[in-house]
A.B. asks: 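Right, I'll just put the structure down here and ask away after.
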Amino acid sequence: MRATVIAAVLTLLLSGAGQATAEPADAFQVFLDPAGSDTNSGLSASAPVRTLTRAQEVLTAAQPQTDVEVRIKQGTYTAPTTTWTYIVPGHTVNFMPTDYEYGDGVDDIAGRPVFRGNGTAGYWLRGKMPDTMPQGGDGGLRFYYLRVERYSEGGIALAGRYQTVDGLRVPADAGFNHNKVFGMELVDIGSKWSSAGYAYGGVDLVNSSGNVIQDNHFVHLENTGSQTALLHGVYIAHHSSDNVIVNNEFAYVSGDPVRARNDSNHNDIYGNVLERTGQKGQFSDWFCDTSTGCVDSTHPRECASQGNLFHENDNISGYDGASLSNWAMIVGSLTYSGAAPCTNDGEQRVRTWGNT
């Protein structure tokens, strides 16, 4: 059953090298340029806007009912966090260089547009469902060949809602699902690179399932001091399941490069290169459990994750340069699920094979 689910995700979001095979028909386009102005319409390359915030306003006003392309001219955009809530049900919203064609590689574009933190705390982009869709569902955000750097909390956060029920952290909606992060550079993130705070993830998934994270470069994602271990390349949290994390480079990541948390199940992690990454394991699972003493008035109890796959990755070294285990269960054993009503459905928390 789980193999069928993962195969379906791959069919939807991967094709060959993982890129879309054809350009969406009649995509609605908005244009960004570092020299643009947010007083422009944004509807042509000759009248570009300057910020993603203004691009979202243009889309909200136009309400296109087709795929969307945010076409981004090369250059540097110094920007605070953008909270992105514009989606088109049944369609995708694509963030890409202005000269990118579907199926291109990085050598086919003039260069990567750069989004650089402006010194305030936050992620580069936080994707979540609009208030008009409290039920959750597919976000459909897709990111291609951009560079994101010097943000304090992380690169991309994709987040569905969650709530506390009977003292347990559980989803509050169907999630923010089926997004793709492809060919991105997420670099120089965390408190080592920004004085505004410490970071959690290059890509942070919260109640976000069925995503593909492929062919990206997670480089120099580093916190310092007591927060060193808190920063992960991909943080899969709070019921984020059936995600595919494939063919990425992780280098100089101060925490474990892939971390699962709280019932985030059946994620498939393979074909990645991991060098100078991790404190406990290249893949690790942690959750807020009564046995750890983290449960209090602001931190509800959570469950272990289960059925995750970590295979055929190139495990070169831990963050300190020494060898590091392929996996680590930070709380409990390989079969521990957490206190009732948590259950692992008879599965191990992770299965591994073929790693070097």
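Residues: numbered from 1 along the sequence shown.
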A.B. asks: Identify which one of N326, N248, N313, D314 satisfies the side-chain contact (heavy atoms from CB on, under 4.5 Å) criterion when paired with L274.
C.D. replies: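 Option passing the side-chain contact (heavy atoms from CB on, under 4.5 Å) with L274: N313.
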A.B. asks: When you compare the side chains of Y336 and D289, does any donor N or O come within less than 3.5 Å of an acceptor on the partner?
C.D. replies: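 Checked: Y336/D289 side chains pair up, N/O donor to acceptor below 3.5 Å.
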A.B. asks: Is L221 reachable from L230 through a run of hydrophobic residues whose side-chain heavy atoms are each under 4.5 Å from the next?
C.D. replies: no
A.B. asks: Disulfide (SG to SG under 2.5 Å): which pairs involve residues 158-216, sequence neighbours left out?
C.D. replies: none
A.B. asks: Transitive ILVMFWY cluster of W193 at side-chain heavy atoms under 4.5 Å: who else is in it?
C.D. replies: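 Hydrophobic cluster check, W193: no partners found.
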A.B. asks: Where the side chain of S152 meets the backbone of S194, is there a donor-acceptor pair that is under 3.5 Å apart?
C.D. replies: no
A.B. asks: Is L324 isolated, or which residues cluster with it under the ILVMFWY side-chain rule of less than 4.5 Å, directly or via members?
C.D. replies: none
A.B. asks: Is there a donor-acceptor pair closer than 3.5 Å between any side-chain N or O of Q282 and the backbone N or O of S317?
C.D. replies: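 The answer is yes, because a donor-acceptor pair under 3.5 Å joins these two groups.
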A.B. asks: Spell out, as yes or no, whether a donor-acceptor pair under 3.5 Å connects the side chain of N265 to the backbone of S241.
C.D. replies: no
A.B. asks: Applying side-chain hydrogen bond (donor to acceptor under 3.5 Å, both in side chains), which residue pairs with at least one partner in residues 107-116 are found, sequence neighbours left out?
C.D. replies: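 Checked against side-chain hydrogen bond (donor to acceptor under 3.5 Å, both in side chains) - neighbours excluded - the pairs reaching residues 107-116 are R112-E185, R116-E149.
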A.B. asks: Would a single hydrophobic cluster contain both I109 and Y144, if residues Ile, Leu, Val, Met, Phe, Trp and Tyr are joined by side-chain heavy-atom contacts under 4.5 Å?
C.D. replies: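 Yes; I109 is reachable from Y144 via cluster members.
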A.B. asks: When you measure from the side chain of D188 to the backbone of R150, do you find a donor-acceptor pair of N or O atoms at a distance under 3.5 Å?
C.D. replies: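 Not a single qualifying donor-acceptor pair exists.
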A.B. asks: Should the pair D256-K280 be classified as a salt bridge under the 4.0 Å nitrogen-to-oxygen rule?
C.D. replies: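 No salt bridge links D256 with K280.
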A.B. asks: P113 versus F95: any side-chain heavy-atom pair under 4.5 Å?
C.D. replies: no
A.B. asks: Can you confirm whether more than 12 heavy atoms, excluding those of D166, are under 6.0 Å from its CG atom?
C.D. replies: no
A.B. asks: Donor-acceptor check, side chain of N243 to backbone of N211, threshold 3.5 angstrom: yes or no?
C.D. replies: yes
A.B. asks: Which residue pairs pass the disulfide (SG to SG under 2.5 Å) test with at least one member in residues 241-300, sequence neighbours excluded?
C.D. replies: C288-C294
A.B. asks: Could you check, using the six-membered ring where one of them is a Trp, whether Y200 and Y198 have ring centers closer than 6.0 angstrom?
C.D. replies: yes
A.B. asks: Give the C-alpha distance, both sets of side-chain angles, the deciding distance and a yes or no for side chain to side chain contact (heavy atoms under 4.5 Å, CB included) between F287 and R349.
C.D. replies: CA-CA 12 Å; F287 64 104; R349 292 161 71 179; 3.7 Å; yes
A.B. asks: Can you list every pair that meets disulfide (SG to SG under 2.5 Å) and has a residue in residues 145-234, with sequence neighbours left out?
C.D. replies: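 Of all non-adjacent pairs touching residues 145-234, none passes disulfide (SG to SG under 2.5 Å).
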A.B. asks: What pairs of residues pass the side-chain hydrogen bond (donor to acceptor under 3.5 Å, both in side chains) test when at least one of them lies in residues 228-239, not counting sequence neighbours?
C.D. replies: Y235-R261, H238-N262
A.B. asks: Are M129 and L205 joined in one hydrophobic group, where the rule is that I, L, V, M, F, W and Y side chains link up if heavy atoms are under 4.5 Å apart?
C.D. replies: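 Both belong to a single hydrophobic cluster.
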A.B. asks: Sort out for me which residue in I236, V203, L309 forms a side-chain contact (heavy atoms from CB on, under 4.5 Å) with I245.
C.D. replies: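 In the set I236, V203, L309, the residue that makes a side-chain contact (heavy atoms from CB on, under 4.5 Å) with I245 is I236.
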A.B. asks: Nearest 0.5 Å, please: how far is CE in M184 from CG in D215?
C.D. replies: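 Here the interatomic distance stands at 13.0 Å.
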A.B. asks: Just checking, any donor-acceptor pair under 3.5 angstrom between side chains of E222 and Y319?
C.D. replies: yes
A.B. asks: Does the gap between the ring centers of Y145 and F143 come in under 6.0 Å?
C.D. replies: no
A.B. asks: Measure across F250 and T277 and return the closest heavy-atom pair with its distance rounded to 0.1 Å.
C.D. replies: O-CG2, 3.4 Å
A.B. asks: May I have all residue pairs that pass disulfide (SG to SG under 2.5 Å) and include part of residues 299-356, sequence neighbours excluded?
C.D. replies: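 Pairs touching residues 299-356 that pass the test: C303-C342.
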A.B. asks: According to a hydrophobic-cluster definition based on side-chain heavy atoms being under 4.5 Å apart (Ile, Leu, Val, Met, Phe, Trp, Tyr only), do L59 and L146 belong together?
C.D. replies: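 L59 clusters together with L146.
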A.B. asks: Between R276 and H220 (side chain of the first, backbone of the second, donor and acceptor by atom type, cut-off under 3.5 Å), is there such a pair?
C.D. replies: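 It does not hold such a pair.
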A.B. asks: Kindly indicate, with the supporting measurements, whether the criterion side chain to side chain contact (heavy atoms under 4.5 Å, CB included) is fulfilled by H217 and V187.
C.D. replies: CA-CA 8 Å; H217 303 274; V187 302; 5.5 Å; no
A.B. asks: Verify, without hydrogens or angle tests, whether R54 (side chain) and D38 (backbone) share a donor-acceptor contact under 3.5 angstrom.
C.D. replies: yes
A.B. asks: Where do V93 and I87 come nearest, in terms of heavy atoms and distance?
C.D. replies: CG2-CA, 4.3 Å
A.B. asks: Yes or no on side chain to side chain contact (heavy atoms under 4.5 Å, CB included) for D268 and H311, after CA distance, side-chain angles and deciding distance?
C.D. replies: CA-CA 8 Å; D268 196 4; H311 59 104; 2.7 Å; yes
A.B. asks: Is the closest side-chain donor-acceptor distance between S284 and R259 under 3.5 Å?
C.D. replies: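 Short answer, yes.
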A.B. asks: When rounded to the nearest 0.5 angstrom, what distance separates CG in N344 from CD in Q306?
C.D. replies: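 Rounded to the nearest 0.5 Å, the CG-CD separation comes out at 6.0 Å.
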A.B. asks: Give a yes or no on whether the backbone of N207 and the side-chain of S240 come within a donor-acceptor separation of less than 3.5 Å.
C.D. replies: yes
A.B. asks: Indicate the atoms forming the closest heavy-atom contact of Q63 with Q65, along with that distance.
C.D. replies: O-NE2, 3.1 Å
A.B. asks: Grouping I, L, V, M, F, W and Y whenever their side-chain heavy atoms are under 4.5 Å apart, do I156 and F218 come out in a common cluster?
C.D. replies: yes
A.B. asks: Quick one: pull up CG in N308 and CG in D242 and give me the separation to the nearest 0.5 Å.
C.D. replies: 9.5 Å
A.B. asks: Tracing side-chain links under 4.5 Å among I, L, V, M, F, W and Y, which residues wind up in one group with Y162?
C.D. replies: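 The other cluster members (ILVMFWY side chains, heavy atoms under 4.5 Å, direct or chained) are V206.
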A.B. asks: Going by distance alone, is a donor N or O of one side chain under 3.5 Å from an acceptor N or O of the other, for T92 and D67?
C.D. replies: yes
A.B. asks: Which pairs count as ring pair (Phe, Tyr, Trp, His ring centres under 6.0 Å) when at least one residue sits in residues 37-79, sequence neighbours excluded?
C.D. replies: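 For residues 37-79: Y77-F115.
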A.B. asks: Without swapping roles, check the side chain of N40 against the backbone of P48 for a donor-acceptor pair under 3.5 Å.
C.D. replies: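 Confirmed, N40 side chain pairs with P48 backbone.
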A.B. asks: Checking T83 against K128 for the side chain to side chain contact (heavy atoms under 4.5 Å, CB included) test, could you report, in this order, the C-alpha distance in whole Å, the side-chain angles of both residues, the deciding distance, and whether it holds?
C.D. replies: CA-CA 8 Å; T83 298; K128 64 178 188 177; 3.8 Å; yes
A.B. asks: Identify the heavy atoms of P341 and L168 that sit nearest to each other, and give their distance.
C.D. replies: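 So the minimum-distance heavy-atom pair works out to CG-CD2, 4.2 Å.
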A.B. asks: The criterion is ring pair (Phe, Tyr, Trp, His ring centres under 6.0 Å); which residues satisfy it with W286, sequence neighbours excluded?
C.D. replies: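 Applying ring pair (Phe, Tyr, Trp, His ring centres under 6.0 Å) to W286 gives none.
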A.B. asks: Under a 3.5 Å threshold, yes or no: a donor from one side chain and an acceptor from the other, between E69 and Y102?
C.D. replies: yes
A.B. asks: Is there a donor-acceptor contact under 3.5 Å from the side chain of N216 to the main chain of Q214?
C.D. replies: yes
A.B. asks: Nearest 0.5 Å please: distance from the CG atom of N223 over to the CG atom of L231.
C.D. replies: 4.5 Å
A.B. asks: For D131 versus P134, what's the shortest heavy-atom pair and its separation?
C.D. replies: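 Shortest heavy-atom contact: O-CD, 3.5 Å.
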A.B. asks: I need the H178 NE2 to R142 CZ distance, nearest 0.5 Å.
C.D. replies: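 Output value for this atom pair is 10.0 Å.
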A.B. asks: To the closest 0.5 Å, what do you measure between CD (Q74) and CG (D33)?
C.D. replies: 10.0 Å
A.B. asks: Which heavy atom of V68 sits nearest a heavy atom of V88, and at what distance?
C.D. replies: CG2-CG2, 4.1 Å
A.B. asks: Below 3.5 Å, can you tabulate the donor-acceptor pairs from side chains in residues 119-127 to any protein atom, sequence neighbours excluded?
C.D. replies:
| from | atom 1 | to | atom 2 | distance (Å) |
| --- | --- | --- | --- | --- |
| T120 | OG1 | N118 | OD1 | 2.6 |
| Y123 | OH | D204 | OD2 | 2.6 |

A.B. asks: If you count the non-hydrogen atoms of other residues, nucleotides and ligands that lie under 6.0 Å from CG in D296, is the total more than 12?
C.D. replies: yes
